[in-house]
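In what follows, a structure is listed as structure tokens, so that the remarks can point back to it.
Side chains are part of it too, since the values below use all heavy atoms of this structure and drop only hydrogens, waters and symmetry mates. One-based numbering along the sequence shown.
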Amino acid sequence: MKTAASQPRPAWLVAAPFLFVSLWSGGFTAIKLCLPHAEPMTLQVMRYATVVAILLPLWLVLRPARPDRATLMHLVRMGLLVQFAYFAAMNLAMANGMGAGTIALLIGLQPVLVALLAPVVVGDPPVGTRGWIGLMLGLLGAGLVISSGTGFSASGWLGLGFAMLALSVMTSGALLERKSGRSTHLVTANLVMCSVALVASLPVAWFTETMVVDWAPELFIGLSYMVFVNSLISLSILFAMLRHGEATRASSVFFLVPPLAALIAWLVLGDEMAWLAIAGTAVAVLGVALVVAKR
């Protein structure tokens with residue numbers, strides 16, 4: 001079976017990086033809305049149980065072609081890495097004191113790691129001088145956002161450790177998808193990955209948490225966003241970018257996550273958005289544009 005990277009690049013992917021980051025950045029606020037009402041791993045179980053409940057009937061109706069063994073094993077690995085481990089680390093980091101902006105900045109370091117590793121692991125070409133300038137500008141812009149306001153905080157080494165784990169897992173997932181990703185029906189891919197994440201999350205929540213839930217309106221709002229926007233739409237866009245483009249260009253959009261996460265938190269939660277954060281956003285946008293622009 002041909003990998004998706006060998007197939008023609010869809011025209012809509014030109015706008016995909018900025019569509020992805022706009023949707024993805026709201027996930028930090030969504031998690032913050034939910035955590036006062038559900039423990040982190042319990043929240044993850046609720047998330048994937050809902051996704052599977054939506055996708056399974058749809059898969060039975062559509063009956064898409066079943067993936068071969070190699071594709072299925074890849075989807076299982078991606079489910080464990082991105083859907084289970086990454087989001088578990090994110091939830092636990094925020095539950096243990098990491099501010100949304102701080103963890104967004106750490107995840108924003110992913111393009112640097114991908115840029116360093118992709119030529120060796122995946123065989124992508126080096127990013128070149130313009131690419132490295134863009135990466136550094138993105139990092140500078142993200143740093144300006146983080147240093148600008150009181151809404152960005154990190155209390156406790158445990159939360160920081162989970163945040164670093166999330167960064168490592170997402171970097172590994174990006175490289176794995178770029179190297180081994182195969183063209184698969186979207187419903188099948190999401191159903192397999194989210195089912196794997198549900199099976200992995202349930203025993204962790206069962207043995208480590210009370211699984212008591214406060215059914216507040218904020219929980220429904222945040223959970224709905226995580227289910228439909230993060231788990232279904234955003235990751236599908238990200239995987240499409242990784243399959244049809246270079247890993248560094250696709251991952252560089254994560255530099256825009258900290259400023260946009262700050263903007264969304266300001267709009268929804270009332271967190272401060274200082275002028276320095278606005279300046280950082282402009283710098284990050286310029287950096288990302290340099291990296292993702294066609295050479």
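- In terms of heavy-atom proximity, Q44 sits nearest to F84 at NE2-O, 3.1 Å.
- Residues V61 and V192 fall into different hydrophobic clusters, defined by Ile, Leu, Val, Met, Phe, Trp and Tyr side chains chained together at heavy-atom separations under 4.5 Å.
- The residue from N230, I31, L33 that alone fulfils the side chain to side chain contact (heavy atoms under 4.5 Å, CB included) condition with Y225 is N230.
- L191 approaches L55 most closely through the heavy-atom pair N-CD1, 3.6 Å.
- Contact record, M90 with F28: CE-CE2, 3.1 Å, taken as the closest heavy-atom pair.
- Distance CG/L137 to CG/L286: 5.5 Å, rounded to 0.5 Å.
- Under a 3.5 Å cut-off, the side chain of E39 and the backbone N or O of M211 do form a donor-acceptor pair.
- Cluster membership check: M73 does not share its hydrophobic cluster with M193, using side-chain heavy-atom separations under 4.5 Å among Ile, Leu, Val, Met, Phe, Trp and Tyr.
- Among all heavy-atom pairs drawn from G159 and A93, the shortest one is O-CB, 3.5 Å.
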TODO: Could you check V82 against M170 for side chain to side chain contact (heavy atoms under 4.5 Å, CB included), going step by step and ending with a plain yes or no?
DONE: CA-CA 6 Å; V82 177; M170 182 54 81; 4.1 Å; yes
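- Linking ILVMFWY residues whenever their side-chain heavy atoms come closer than 4.5 Å, directly or via other members, places L198 and F207 in the same cluster.
- Note: the hydrophobic cluster containing F228 also contains L58 (ILVMFWY, side chain heavy atoms under 4.5 Å, direct or indirect links).
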Task: Pair M78-L176, side chain to side chain contact (heavy atoms under 4.5 Å, CB included): steps then yes or no - done: CA-CA 8 Å; M78 291 300 295; L176 177 62; 3.7 Å; yes
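- Looking at W206 and V45, their side chains never come closer than 4.5 Å, going by heavy atoms from C-beta outward.
- Atom CG of L165 and atom CG of L160 lie 11.5 Å apart (nearest 0.5 Å).
- Checking L35, D214, L43 one by one against L219, the side chain to side chain contact (heavy atoms under 4.5 Å, CB included) holds for a single residue, L43.
- F220 and V213 fall within the same hydrophobic cluster, where Ile, Leu, Val, Met, Phe, Trp and Tyr residues are linked whenever their side-chain heavy atoms come under 4.5 Å apart, directly or through other members.
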Open item on the list: Pair L223, R47 - check side chain to side chain contact (heavy atoms under 4.5 Å, CB included), show working.
Closed with: CA-CA 6 Å; L223 183 61; R47 172 184 189 160; 4.0 Å; yes
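- Of the inter-residue distances, the one linking M41 atom CE with M46 atom CE reads 13.0 Å to the nearest 0.5 angstrom.
- The CD1 atom of I237 sits 4.0 Å away from the CG atom of L19 when rounded to the nearest 0.5 Å.
- Taking every heavy atom of both residues into account, V169 and Y86 meet most closely at CG1-N, 3.7 Å.
- Side-chain N or O atoms of Y48 include one that pairs as donor or acceptor with a backbone N or O of Q83 at under 3.5 Å.
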TODO: Begin with the C-alpha distance, continue with both residues' side-chain angles, and end with the deciding distance and a verdict on side chain to side chain contact (heavy atoms under 4.5 Å, CB included) for M164 and L167.
DONE: CA-CA 5 Å; M164 295 303 295; L167 170 61; 4.2 Å; yes
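- For the atom pair OG (S234) and CG (L23), the distance works out to 4.5 Å, reported to the nearest 0.5 Å.
- Taking the ring centroids of W24 and F87, they lie under the 6.0 Å cut-off.
- Side-chain atoms of E209 come within 3.5 Å of backbone atoms of T42 as a donor-acceptor pair (strictly under, hydrogens ignored).
- C194 approaches V51 most closely through the heavy-atom pair SG-CG1, 3.5 Å.
- A donor-acceptor pair under 3.5 Å is formed between the side chain of S231 and the backbone N or O of M226.
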